[in-house]
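The structure appears below as structure tokens.
Values reported hereafter were calculated over all heavy atoms of this structure, with side chains retained and with hydrogens, waters and symmetry mates removed.
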Amino acid sequence: MTSIKGRSAFSLWFAGETVSQLGTSLAMLGWTLLAYSVTHDVRAAALVGALRTATQIVTVLPGGLISDRLDRRSLLLLDAGVEVLL
């Protein structure tokens, strides 16, 4: 097994991606809690979580196909630009 200690670029990318995914997960928890605090209805909070999961299910396979077919560096730059705009 190869050590990643000598690969600083990969280590930085991996750490950044891990923090990004953690933030995304916490944001989803926040939206669900916000839906509950506004409506005081667990069904509304569940609906928010279910819609988030449904959109992820619908977009994961096409996203995987796109990422396999196109240049990854261009996709990473495009993704970063879209995130900044959003």
**OP:** Report yes or no: does T55 contribute a side-chain atom to a donor-acceptor pair with the main-chain N or O of L51 at less than 3.5 Å?
**Re:** yes

**OP:** Check whether any side-chain heavy atom of M28 sits under 4.5 Å from a side-chain heavy atom of V48, and report yes or no.
**Re:** yes

Original post:
What are the two closest non-hydrogen atoms of A45 and A35, and how far apart are they?
Top reply: CA-CB, 4.1 Å

Original post:
Cluster question for you: counting only ILVMFWY and a side-chain heavy-atom cut-off of under 4.5 Å, with indirect links fine, are L33 and L26 together?
Top reply: no

**OP:** With sequence neighbours left out, write down each residue that passes side-chain hydrogen bond (donor to acceptor under 3.5 Å, both in side chains) with D79, or none if nothing qualifies.
**Re:** none

Subject >> Residues that I66 engages under side chain to side chain contact (heavy atoms under 4.5 Å, CB included), provided they are two or more places apart >> reply: L70, L75

Original post:
Among the clusters formed by ILVMFWY side chains lying less than 4.5 Å apart, do L78 and L86 turn up in the same one?
Top reply: yes

**OP:** Check A44 against T39 and note the closest heavy-atom contact, atom names and distance.
**Re:** CB-OG1, 3.4 Å

Subject >> Among D71, L76, L77, side-chain contact (heavy atoms from CB on, under 4.5 Å) partner for S74 >> reply: D71

Subject >> Smallest separation among heavy atoms of G64 and S67, with atom names >> reply: O-OG, 2.9 Å

Subject >> OH on Y36 to CZ on R43, rounded to 0.5 Å >> reply: 11.5 Å

**OP:** Could you grab the distance from atom OG1 of T24 to atom CZ of R52, nearest 0.5 Å is fine?
**Re:** 7.0 Å

Subject >> salt bridge (Lys or Arg N to Asp or Glu O under 4.0 Å) against R73, all qualifying residues, sequence neighbours excluded >> reply: none

